[in-house]
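Here is the structure we will look at.
We name chains A, B, ... by the order of the sequence lines, and we start the count at 1 in each one. Source: prediction; values computed, not measured.
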Amino acid sequence: MATQKSLMGFFGAAGSAAKSKPKRSPKPPTLDDQPKKSEEVPVPTVEDKPMECDPSTTANGSENTESLSEPVSDRSSPVKKKRRLRRRRKAISTSDEETEVAIGPTSPKDAAVQEPATNLAAPDSKQDSAVGSDASLPIQDSLENTLPAKDPLSVAVAEKQAKAAKPSTGKTIKPRNKAQSTGSGKKPTNANLLAPPEVVERFAEMIQTDVSYAALCYMFEQVEATTKRLLIADILTHFFRRVIAKAPQELLPLVYLCINRLSPQYEGIELGVGESLLIKAVAEATGRGAAKVKADVVALGDIGLVAKESRSTQRTMTMFKTRQLKVAQVFQTLKQIATTSGHASMSHKVGKIKGMLATCQGNEAKYLMRSLEGKLRIGLAEQTVLVALAHAFVLHHQTEKLDVETLAETLQEAAATVKSVYNELPSYDVMIPALLEHGVDKLSEFCKLTPGIPVKPMLAHPTKSISEVLDRFENHTFTCEYKYDGERAQIHRLEDGRTLIFSRNSENMTAKYPDVMDKMNRALVAGTGSFILDCEAVAWDRAQRKILPFQILSTRKRKDVKESEITVQVCVFAFDLLYLNGRSLLRVPLAERRKLLAESFRCVDGDFQFAKSQVITDVEEIQTFLDESVEDNCEGLMVKTLDGDEASYEPSRRSRNWLKVKKDYISGIGDTLDLMVMGAYAGRGKRTGVYGGFLLSCYNPDNEHYEAICKIGTGFTEADLESHRDILRESIISQPRSYYNFGDSVKPDVWFEPRMVWEIRAADLSISPVYQAAVGKVDSYKGISLRFPRFVRIRDDKGPEDATTSDQIADMYQSQKINSVDHPQSDDN
DNA sequence: CGACTTGCAGG
DNA sequence: ATCGCCA
DNA sequence: TGGCGATACTGCAAGTCG
């Protein structure tokens, strides 16, 4: 409760929240935002200290101290928060340079390799012991006692905000950092790229024959506390090394927990748990109201923190836990949650979650909730895991001492191998056992491109202009292809004749496209056996023989599709061939792959075609081809190198060898709108403390109403977000104006008076089931919204009534070529 | 059984 | 999807 | 430049609820 108020206060809810307790006086409403910048209150600095020095494990302790010492805290300039903390930690570890510094000239990775030397003993070693599972007891106790009147969450809020407060130097910090990292030569010293020895020791203690969930969470903490990628990788490497040595059977579940998955993507096992269920679980587990919990989530920007904090109160009396969560058990429970279905399944899921929560200690609840939410957000994800795995296995098998450079090379190669293998066969179920049994060296013998298992598709870089394309490909032969607006489809034909289709994200879409099986058979040329095709499936109007918009494609059924009942036909546009008759073509240049593609398949009009392409040499040709593609209802062009080493298929890599030129970058075609900011939503994660998104509207001069058109959450710099918060604070109103039209489902956390106008770029306009913009103008009941909206800039020169009008929106929609002929959505008018 | 809600998938 | 930030 | 994490809209699928 207190938290909600404070949130409101935080966002300066002048009207509604002000009424609560005035106690949080030092909040920033208006007073702060102006003067603060300069020389922030010293308080936060002081508060910060214990945090940064403590190993994150003792965070509990410091949090308390912190909130105690300064419950009022200072919420003036949130945003910088964690990042700052991290920096400071770095600063500390930087002090011990000598360690591996000798390696200077070689890649920093070398350093990461070395056994951590002793002198790394940072000022923050000892306290570690406080981490122990039982350590939380006294801490929580003290929390209870010292803050009798307070909801622990308000403590957390205060803490969060204290963190958020700038460590004194407002603006100077950025430049300083820059100077530090880039300006003054060389990389940062290698010392801070190494996992601190006490961390490694801790791993050794915690990881024995099996792995406790606490051990994993300890590792997460360590990772979360740093931003240095090499350090993160090294921490993870040490963790895995220990696991490989002591508890190899735990490696697979651990890897899954690190990347927050339960199985390979293509198996489609999902938790089926979202925020509402988690809120319910936390509420039930703590005996608090769901509404309160929800408010806390908004305030803290992280349901993990809410779980951790609210749990600690409840806990005090039932503290005698004996059970300790194990990784294997957590993983298994997660899988159970995922596979629970049918009647009352939701309450069963909640039950399991509550069960685990009850056993959580320290930070476990935080990470458990984040896992359930699907976002660990500790700065560690798949790519890092792959590197760490590679390194861990190399080091595990490494018996003889290599010189630093050789070792570094070995490690780098290993990382490349593991990544490449994984991208071709993205299954830890296969790869981890293979690694355990054969090591990295022979990995590619056992794990290779296999029809039936999706390859990570090659991605493309967005390009801002045609000239940028030319710059990039100046000395290469390249080709342009239509970029179709459909769904990526990787079509596999196995040796046994089965056909499988995977999406861009490696989901199995076979059941969605039974009609494609038949198309493939008709498109085969004699002699074509097994293959993997890269294609785009596009909605197709058979009568008019033309491409339909993506929005139509998306209305196709996804499960149990029977060929006879298909309403939206598709045409498959093939553009690459990755595997043919038992042979991988990944390393074959595009020109050759394309040739094989053309030889192995035939065009079946309206069912299976080749992506339209053209080899191009100059700007004008590209421009013409681009215009043509848009004219043909495509999104723009893909530009690809044709020959040589740089024309191979690089799974998962958003390589520079493929570029995309989208029409919305080209002025005149791209839609830019000026929209009024109606309201905003509290940010989460790294956006805690600022607004994470905003509700926008267009203006309808006929009735002088503002009609909600979309939310927006990207395109802002961090500075933008801070500035928006500060500026919009002045405009907060407690209720929406009577002339605001919006759907209940998009209600923002705070409302603004009509004032601010922003320029927004979008790719397309779409018929919307939830927004009101231009209702009745294109569709009698539905409004219009934007596809891929992003913030461009503030339009200070425009008043709210100068915003784009509903009529203009309707016109823009109509003028999208693809909608001009006929589209199912528009019932009447 | 229909309306509503939630989660997940796509771009 | 898009975008920005960081090493 | 790669890796990561913040956020957008829409529709189906599967659940809940009255």
Respond yes when some side-chain nitrogen or oxygen of A:S768 is under 4.0 Å from OP1 or OP2 of D:dT10, and no when none is.
yes

Less than 4.0 angstrom between a side-chain N/O of A:R558 and OP1 or OP2 of D:dG11, yes or no?
no

So, under a plain 3.5 Å distance rule, would you say the side chain of A:T714 forms a donor-acceptor pair with the base of D:dT7?
no

Under-4.0 Å side-chain N/O to phosphate OP1/OP2 contact, A:T384 with D:dC4
yes

Rounded to whole Å, how long is the line connecting atom CD1 of A:I784 with atom P of D:dC9?
15 Å

If you look at every strand shown and take non-hydrogen atoms under 4.0 Å, does A:K419 touch a base, only sugar-phosphate, or nothing?
sugar-phosphate

Pick one: which of A:Q816, A:K782, A:Q551 meets side chain to side chain contact (heavy atoms under 4.5 Å, CB included) with A:S766?
A:Q551

Regarding the side chain of A:T717, the nearest nucleotide among B:dC8, D:dA13, C:dC5 is C:dC5

Pairing of A:D485 and A:K662 as salt bridge, 4.0 angstrom limit
no

Can you sort out the partners of A:F550 under ring-ring contact (aromatic ring centres under 6.0 Å, His included), two or more places apart, ordered by chain and number?
none

Less than 4.0 angstrom between a side-chain N/O of A:Q551 and OP1 or OP2 of D:dG11, yes or no?
yes

Those residues that, when tested against A:K660, pass salt bridge (Lys or Arg N to Asp or Glu O under 4.0 Å) (two or more places apart)
none

Tell me if the NZ atom of A:K512 is crowded by more than 12 foreign heavy atoms within 6.0 Å.
yes

Contact class for A:R790 vs. all strands (heavy atom < 4.0 Å): base, sugar-phosphate, or nothing?
sugar-phosphate

Taking A:L380's backbone N and O only, do any of them form a donor-acceptor pair with A:T384's side chain (distance below 3.5 Å, no angle check)?
no

With heavy atoms under 4.0 Å as the rule, sort A:K660 into base, sugar-phosphate or nothing.
sugar-phosphate

Does OP1 or OP2 of D:dC9 have a side-chain N or O of A:S766 closer than 4.0 Å?
no

Looking at A:R687 and D:dG5, is any side-chain donor or acceptor paired with a base atom of the opposite kind under 3.5 Å?
no

In whole angstroms, how far is the C1' atom of D:dG5 from the CD atom of A:E382?
15 Å

Nucleotides 3-6 of chain B: which of its N/O atoms have a protein N/O under 3.5 Å away?
from  : atom 1 : to     : atom 2 : distance (Å)
B:dT6 : O3'    : A:S276 : OG     : 3.2

To the nearest Å, give me how far apart NZ (A:K375) and P (D:dC4) are.
16 Å

Across all chains, not counting sequence neighbours, the side-chain hydrogen bond (donor to acceptor under 3.5 Å, both in side chains) partners of A:R793 are A:E759

Pi-cation contact, A:Y422 with A:K456 (under 6.0 Å, within 45°):
no

Can you tell me if A:K662 touches the phosphate of C:dT2, counting only side-chain N or O atoms and a distance under 4.0 Å to OP1 or OP2?
yes

For A:K483 and A:F716, take the nucleotide of DNA chain C holding the closest heavy atom to each; which residue's nucleotide lies nearer the 5' end?
A:K483

For A:N657, which residues count as a side-chain hydrogen bond (donor to acceptor under 3.5 Å, both in side chains) partner, sequence neighbours excluded?
A:E650, A:S655

Taking for each residue the nucleotide of DNA chain C bearing the nearest heavy atom, is the 5' side occupied by A:E635 or by A:R229?
A:E635

OP1 or OP2 of D:dC9 versus the side-chain N and O atoms of A:Y771: is any pair under 4.0 Å?
yes

Grab the CD1-P distance between A:I501 and B:dG10 for me, whole Å please.
14 Å

Do A:E224 and A:Y367 get their side chains close enough for a donor-acceptor pair, meaning under 3.5 Å?
yes

Have A:D720 and A:S723 got a donor and an acceptor in their side chains that come within less than 3.5 Å?
no

Given atom CZ of A:R556 and atom C1' of B:dA9, what is their separation to the nearest angstrom?
15 Å

At a heavy-atom distance below 4.0 Å, what parts of residues 336-345 of chain A sit against DNA chain B?
none

OP1 or OP2 of B:dG10 sitting under 4.0 Å from any side-chain N/O of A:S554?
no

Measuring to OP1 and OP2 of C:dG4, would you say a side-chain N or O of A:K686 lies under 4.0 angstrom away?
no

Separation of B:dG10 P from A:M509 CE (nearest whole Å)
5 Å

Is A:F791 touching bases, backbone alone, or none of the nucleic acid, heavy atoms closer than 4.0 Å?
nothing

Per A:C710 side chain, nearest of listed nucleotides D:dC4, B:dC8, D:dC9
D:dC9

Given B:dA9, is OP1 or OP2 found less than 4.0 Å from the side-chain N or O atoms of A:N505?
no

Choose from D:dG3, D:dA13, D:dT1 the nucleotide whose nearest atom is closest to any side-chain atom of A:K557.
D:dA13

In terms of side-chain heavy atoms of A:K559, which of D:dG5, D:dA14, C:dC5 is nearest?
D:dA14

Looking at D:dG2, I'd like to know if its phosphate oxygens (OP1 or OP2) sit under 4.0 Å from a side-chain N or O belonging to A:H461.
yes

So what does A:F788 hit on the nucleic acid, given a heavy-atom distance under 4.0 Å: a base, only sugar-phosphate, or nothing?
base

Sugar-phosphate, base or nothing in reach of A:H348, heavy atoms under 4.0 Å:
nothing

Expressed as a whole number of angstroms, how long is the span from A:M346:CE to D:dC17:P?
11 Å

In this structure, are over 12 heavy atoms from other groups packed under 6.0 Å from A:D645 atom CG?
no

Nearest-Å distance, CG (A:L230) to P (D:dC4)?
12 Å

